[in-house]
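Just so it is clear, the structure is predicted and the values come from calculations on it, not from any experiment. The chains referred to below are lettered A, B, ... by the order of the sequence lines, with proteins before strands, and numbering in each begins at 1.
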Amino acid sequence: MTVLNIVQAVNHTLRDEMKRNDKIVLLGEDVGVNGGVFRATEGLFQEFGPNRVIDTPLAESGIIGVSIGMALYGLKPVPEIQFLDFIYPGFDQIQSELAKFRYRSGGQFTVPVVIRTPYGGGIRGSHYHSQSTEAFFVHTPGLKVVIPATPYDTKGLLTAALRDPDPVMFLEPKKIYRTVRGDVPDDDYMVPIGKANVARDGEDVTVFAYGAMLHVAMEAVELAAAKGINVEVVDLRTLLPFDIDTILSSVKKTGRVVIVHEACKTCGFGAEIAAQIAERALLQLKAPIVRVAGFDVPFPYVLEDEYMPNANRVLNAIEKVHNF
Amino acid sequence: MTVLNIVQAVNHTLRDEMKRNDKIVLLGEDVGVNGGVFRATEGLFQEFGPNRVIDTPLAESGIIGVSIGMALYGLKPVPEIQFLDFIYPGFDQIQSELAKFRYRSGGQFTVPVVIRTPYGGGIRGSHYHSQSTEAFFVHTPGLKVVIPATPYDTKGLLTAALRDPDPVMFLEPKKIYRTVRGDVPDDDYMVPIGKANVARDGEDVTVFAYGAMLHVAMEAVELAAAKGINVEVVDLRTLLPFDIDTILSSVKKTGRVVIVHEACKTCGFGAEIAAQIAERALLQLKAPIVRVAGFDVPFPYVLEDEYMPNANRVLNAIEKVHNF
Amino acid sequence: MTVELLQVIKPTGEYVEEIEPDISKDELRRLYRLMVLLRNLDIRGLQLQRQGRIGFFIGSLGQEACQIGSAYALKPQDWAFPAYREIGAALLRGATLKEVMNQYFANAEDLQKGRQLTNLYGLKSINFVTGSAPIATQIPHAVGTALAAKIRGDPVVTLVYFGDGATSENDFHTGMNFAGVFKTPTVFFCQNNHWAISVPVERQTSAETIAVKAKAYGFEGVRVDGNDVLAIYRTVKEAVEKARKGGGPTLIEAVTYRMGPHSSSDDPTRYRTKEELEEWQRRDPITRFRKYLEKKRIWSESDEKKAQDDANHEIDEAIAHAEKIPRPALETLFTDVYSDMPWHLEEQLRELQEEKGRKEE
Amino acid sequence: MTVELLQVIKPTGEYVEEIEPDISKDELRRLYRLMVLLRNLDIRGLQLQRQGRIGFFIGSLGQEACQIGSAYALKPQDWAFPAYREIGAALLRGATLKEVMNQYFANAEDLQKGRQLTNLYGLKSINFVTGSAPIATQIPHAVGTALAAKIRGDPVVTLVYFGDGATSENDFHTGMNFAGVFKTPTVFFCQNNHWAISVPVERQTSAETIAVKAKAYGFEGVRVDGNDVLAIYRTVKEAVEKARKGGGPTLIEAVTYRMGPHSSSDDPTRYRTKEELEEWQRRDPITRFRKYLEKKRIWSESDEKKAQDDANHEIDEAIAHAEKIPRPALETLFTDVYSDMPWHLEEQLRELQEEKGRKEE
Ligand SMILES: Cc1ncc(C[n+]2csc(CCOP(=O)(O)OP(=O)(O)O)c2C)c(N)n1
Ligand SMILES: Cc1ncc(C[n+]2csc(CCOP(=O)(O)OP(=O)(O)O)c2C)c(N)n1
Ligand SMILES: [Mg+2]
Ligand SMILES: [Mg+2]
């Protein structure tokens, strides 16, 4: 057991798996000598050398496209996109190639690339260092989409991703890169992709959240507890394929649902969860489903705190569905 | 009045507006001499010359990026992306620039570009000539997203788009480019962006649809009528900002909802509609909300008919919510 | 930087002996027969589409020398990354006509499982990577595979095919740049066939040549007559050997002409003249190669007849077979999205099966 | 293709008279003072960030000559497309320090309405287009604006700023290529400051120079000493005039050095040596220009003192003002997404206002 924060958990997991699997190659902007702008790859260039940790030219399309080519050859490339906001020059490679290679080749060619990228607000990064556009990837068959919220899950999910036969978008909540710390076993373990986690048991209301928002939800839940509302919190962890069983069994229990994400509300991942519930568990619902989400505006700068869902907004939503 | 099909309606509208507004410039791959691979711009190069209708190099990022620059200067660029599937090399320009220019410049610079692009299946185009990824744009604040389903609406909505001060994604249902014909007034008129259309009045069930799927829905509704189910059909027409009032008043009336789109189900636009209803009209719901959508797979080739929602699948859904 | 066009065989069939590559008589004949097969396949493919027997067709009429000459320069361990016209390269590397025809008919035996448009073909066993429609995306893949081989110390070269239009795309730039920076063993093979659907190459770039673009990435670009199979072979082979020795990438511009329509959906009379086409028909790569073989007295009238007959016979047989095979099973709509089918696809498959069942009742 | 580095002022302050541009004494002094202002602004900006008074900072330390020399070559009707270091160019074109400082503090008077990171600045009235963080996206914009002006027959030139790292991005390729094909009046001004955060320029490209890349697009590329304000002015002016006369685009590579950190988030000691920095400090563009002015006897010790004092005073005043202004109104979170606020943003604004109200109760 070691106490680690999230970015350290990423770093340790990469190191451990790179020792185990010499096919893993890291590549990206500033990932080598500099160890990544968030230091996620710190020390790895020094330890594994320039054939395993590669500083690339400034081109996401190249980083992802070249990773796909490496994967075709049998390596396990782990590209880092410096910020999720900067993934779009490489979006064509993700949409047209990464997600469809197995299918279109009839299973002949596979490209199990793991794209790591920090996402989300909370660092005063304005428009282009803050966005949460995970829904784009969830709407893309062929990808898996994973978002950890704790150091333990970071290691477990990243290990699972690095051993997965399919392409994985591994989105890291940069807001809590350093602020959330926790015990991480030194031994090798996996948290299975596709399984949610009931982070807190409760009876009255369910809050669904993931990534940095899990902690906002937990904060809100404590405030609610003080008001006598006993809230269950489900950390979704994998967004595609999401864990419908855990979702439905919690709804069945509480009948009241709040969904939290920092991505813009309209057509965000919360919509899918709400739609699933409206399709599969309507009769269990005792109150309208409330989404607490980022507003439908480009990510702001000065007014970031107003934009981001906070415990207060989540609490309001909990009270609303509870008192309905 | 002239009877036109949809692609003709596009062509006539472009011609009319180009005569009216000399700032309109068309650009894209094969839009000039060749008149577009679907002939949407047929004759316009010959009529307006090479400064108004521009064949570009093969680069969507350039087509959209250069359009943004033209719009900054005060022109009204109308780029054509040959297929929606090929928009991704230009996705960064849409996400990072087109959608955010007004906001990030504090309203100083505006870029009212209208991106026209055919979308959707039904032409045996396989993976890359068939996709419906409108949800990506609906999840992007700063864009408007419009999809016509009839020749009349095509002219009215495209005219509105060409006069709109904001960037518009104008997605054209290529499946019905030539198969749906209808009366189109020769005079100038607009169909307002942001307003849905009740395409058929009904009491028992509401079907929400748009684009090519409107006609599939209408077909299903006739089958349902034969079984004594009176279905209301709402053609959403604008996906962002969508017309919440029309949506809710129909739900209030029928209490039973089917949503149809050919895009993949997970995190498609139907999720947003379902979520809105689960949030705002839960108590009016008499049955679970059912989505009839494309499956969560890359767009197929031989099995296209199995992939696409058809009247039979929509009818099943109507019966399911009706008999609930 | 060579900007002249390398030519081994002149349009008359005469040839420049000093640069004539060393290929055995039998091999020369084999290459010619392949070009004939490819030409006939193209003609028949378009017919099949016109007859509604296959859904779509995209051929390589006029570009046969490019395909055969380039692929012949590779070793078995090398990888080829096609765009969408490179069936000839696949056949040369060992794909069977039967496999190719199954792909045309998108039937249950098609290794692509009927999921792709005609000619978006791939075959893992010959390192021939399944293509896709989006232009230029395969270019960084070829660079990545080459980089992977280099990292592993394997003597593998990658060859990537693309058109003149593709040079305008993002991924051309990106792929070329990564190749330059990492000195990957990659051969960039641009078939400049003068057109990108209706857009002429002058509208793609105002560079003097496409070959010169390599300079922007710090490596060499060369031009070759794209209707001269021996010149192409020679040029590609040099580039492949250089790459294998650690000399890094090369860009090859093969100057050729798309003699057919862009695809079965295209009507080239809308945008180009008959005269232009006729001019290039006079430079037909197959006629030229035949003249060369005849000059060398290794090809006769009866060889020609046999080659044509064999080709057509082989094609007939492949068609007859492929047309008999049923379409892929319903389930294949959902397999291969992931290695294992996740719950939501299982559910969707079940729904579809039930619906089909209901319908058939 | 010029690949040598054009230099007017030598590091000693001596100069090549034959190519010395014709600028009046007063103007020369004004340009120098602007460079001093910019240098001080950069130092203070970073301090403000370190003190937590502004959130972020990204400066142009060492690149002052690039900014001032290039922007000075434009006419008022011309358009400038900055990346994110070009505050000097904005000041030269007429932005006030007060406006700039309001942007640093992202306050209610900021024309960007507090929505952007420090130095992502724009000012419509001077055709200085608001920048964005994604690398290279502004390049096709500059080409589009130039093409629009050309279509309209207006004598307008566009100048676009970007770094050496940006040349690897898609949009560099795309913008350059469209400019070449459409012969747009665009000047591509690449500040090759040797680094893209921690990645050295040798890792961006293996081309000999960045200037040579223009050849891939059919136009001219030139190199200039990026620490020599007069050489830059001369080079840009020539390119601008050529463009205005219909001669099409030019790529200019200004060879300079980023003397500061990439941004306030960066620690350059992790990836580059003190020696390298010191070497470039000896080529400081401001020192060099001062020596030149002194050689020409149009600058004295007391001028210098006054310039420094004035700069600091002006900066102090702008800070004092900007810091007093409150932050932008809550409503600005929702305005300017569209020309008019649609229903869903109105609703979200209302919700936020209510929640704020509740919280304040
Ligand atoms: C990204 C993208 N944009 C547009 C298209 C449509 N398209 C298909 S082929 C083609 C022209 C390609 O020209 P070129 O690269 O010269 O290859 P050729 O067809 O001549 O072999 C176009 C525009 C596409 N497939 N992908
Ligand atoms: C598309 C994109 N990818 C990555 C980044 C992160 N990033 C910001 S600046 C920078 C380096 C830019 O280098 P260069 O173009 O040389 O400009 P300089 O900072 O040296 O002026 C990087 C990688 C970004 N802003 N945009
Ligand atoms: Mg071509
Ligand atoms: Mg730089």
Side-chain angles (χ1 to χ4, degrees), chain B residues 28-39 42 45 50 54-63 82-83 85-92 123-130 264-266 292-307 309-310 312-313 315-317 319, chain C residues 55-56 105-108 110 112-118 120 132-137 163-173 196-200 203-205 262 265-268 270-272 327-330 332-337 342 344-345 348-349 351-352 354-356 358-359:
Chain B
E29 297 155 12
D30 307 293
V31 300
V33 181
N34 198 36
V37 297
F38 289 101
R39 311 285 175 251
E42 176 139 43
F45 175 80
I54 305 175
D55 272 324
T56 66
L58 206 176
E60 291 71 15
S61 156
I63 294 169
Q82 201 161 88
F83 288 82
D85 314 69
F86 299 140
I87 206 163
Y88 304 115
F91 202 69
D92 189 30
I123 63 155
R124 295 256 178 278
S126 174
H127 283 30
Y128 301 108
H129 303 86
S130 306
C264 296
K265 182 176 184 181
T266 298
V292 180
F295 298 115
D296 288 309
V297 305
F299 201 96
Y301 178 46
V302 168
L303 297 176
E304 173 170 34
D305 288 343
E306 281 72 13
Y307 174 90
N310 57 31
N312 195 43
R313 272 172 71 199
L315 177 65
N316 288 344
E319 292 188 289
Chain C
F56 176 80
F105 279 85
N107 63 26
D110 167 21
Q112 275 73 219
K113 301 186 187 166
R115 294 183 183 135
Q116 287 237 85
L117 286 180
T118 309
L120 288 170
S132 66
I135 297 296
T137 49
D164 45 311
T167 64
S168 297
E169 267 295 357
N170 300 337
D171 279 339
F172 167 76
H173 177 61
I197 310 185
S198 75
V199 180
R203 202 19 82 98
Q204 293 301 336
T205 181
H262 171 74
S265 317
D266 180 47
D267 171 11
R270 292 178 67 92
Y271 52 80
R272 66 186 192 187
R327 52 186 229 148
L330 192 63
T332 62
L333 188 50
F334 298 93
T335 52
D336 298 323
V337 183
H344 64 296
L345 292 185
Q348 291 177 8
L349 169 59
E351 274 172 28
L352 181 60
E354 274 167 30
E355 187 205 305
K356 284 253 152 188
R358 237 196 324 267
K359 220 172 159 182

**Request:** Indicate the atoms forming the closest heavy-atom contact of C:Leu333 with B:Tyr307, along with that distance.
**Result:** CD2-N, 4.2 Å
**Complete:** Cut-off 4.5 Å, heavy atoms of chain B, and the answer for C:Ser132 is both
**Prompt:** Side chain, backbone, both or neither: which part of C:Ala136 has a heavy atom under 4.5 Å from chain B?
**Reply:** neither
**Prompt:** Side-chain contact, heavy-atom cut-off 4.5 Å: B:Asn316 with C:Glu355?
**Reply:** yes
**Asked** If only atom types and distance count, is the side chain of C:Gln204 paired as donor or acceptor with the main-chain N or O of B:Leu58 below 3.5 Å?
**Response** yes
**Message:** Between B:Lys265, B:Arg124, B:Arg39, B:Glu304, who has the most heavy-atom pairs with chain C when the cutoff is under 4.5 Å?
**Reply:** B:Arg39
**For C:Ser168 against B:Ala59, the heavy-atom pair lying closest together** = O-CB, 3.4 Å
**Asked** Can you say whether B:Phe86 sits under 4.5 Å from chain C via the side chain, the backbone, both, or neither, judging by heavy atoms?
**Response** side chain
**Message:** Counting C-beta onward and ignoring hydrogens, is there a side-chain heavy-atom pair between B:Pro300 and C:Arg115 closer than 4.5 Å?
**Reply:** no
**Request:** Grab the two heavy atoms, one from B:Asn34 and one from C:Ser198, that are nearest each other, plus how far apart they are.
**Result:** CB-OG, 3.3 Å
**Message:** With side chain to side chain donor-acceptor pair (under 3.5 Å) as the criterion, how do C:Gln348 and B:Asp296 come out once you've worked through the C-alpha distance, each side chain's angles and the decisive distance to 0.1 Å?
**Reply:** CA-CA 8 Å; C:Gln348 291 177 8; B:Asp296 288 309; 2.8 Å; yes
**Prompt:** Does a salt bridge link B:Glu306 with C:Lys356, judged by any charged N lying under 4.0 Å from a carboxylate O?
**Reply:** yes
**Asked** Side chains of C:Lys113 and B:Val302: closer than 4.5 Å at any heavy-atom pair?
**Response** no
**Fill in**
Under 4.5 Å to a heavy atom of chain B? For C:Leu330 that would be both
**Nearest heavy atoms of B:Pro298 and C:Val337, plus distance in Å** = CD-CG2, 3.9 Å
**Request:** Describe, in one word, how the ring planes of B:His129 and C:Phe56 are oriented to each other, choosing from parallel (under 30°), tilted (30 to 60°) and perpendicular (over 60°).
**Result:** tilted
**Item:** Nearest heavy atoms of B:Tyr301 and C:Gly114, plus distance in Å
**Value:** CB-O, 3.3 Å
**Request:** Under 4.5 Å heavy-atom distance to chain C, tell me which part of B:Thr266 shows up: side chain, backbone, both or neither.
**Result:** side chain
**Asked** Which heavy atom in B:Val33 sits nearest to a heavy atom in C:Arg270, and how many Å separate them?
**Response** CG1-O, 3.9 Å
**Prompt:** Are any side-chain N or O atoms of B:Asp55 and backbone N or O atoms of C:Val199, one a donor and one an acceptor, separated by less than 3.5 Å?
**Reply:** no
**Message:** To the closest 0.5 Å, what do you measure between OH (B:Tyr128) and CG (C:Leu117)?
**Reply:** 10.0 Å
**Asked** Can you tell if the side chain of B:Gln82 reaches within under 4.5 Å of the side chain of C:Ile197, non-hydrogen atoms only?
**Response** yes
**Asked** Tell me, side chain or backbone of C:Ala108 under 4.5 Å from chain B's heavy atoms, or both, or neither?
**Response** neither
**Request:** Examine whether an atom of B:Glu60 lies under 4.5 Å from a heavy atom of chain C, and if so say whether it belongs to the side chain, the backbone or both; otherwise answer neither.
**Result:** both
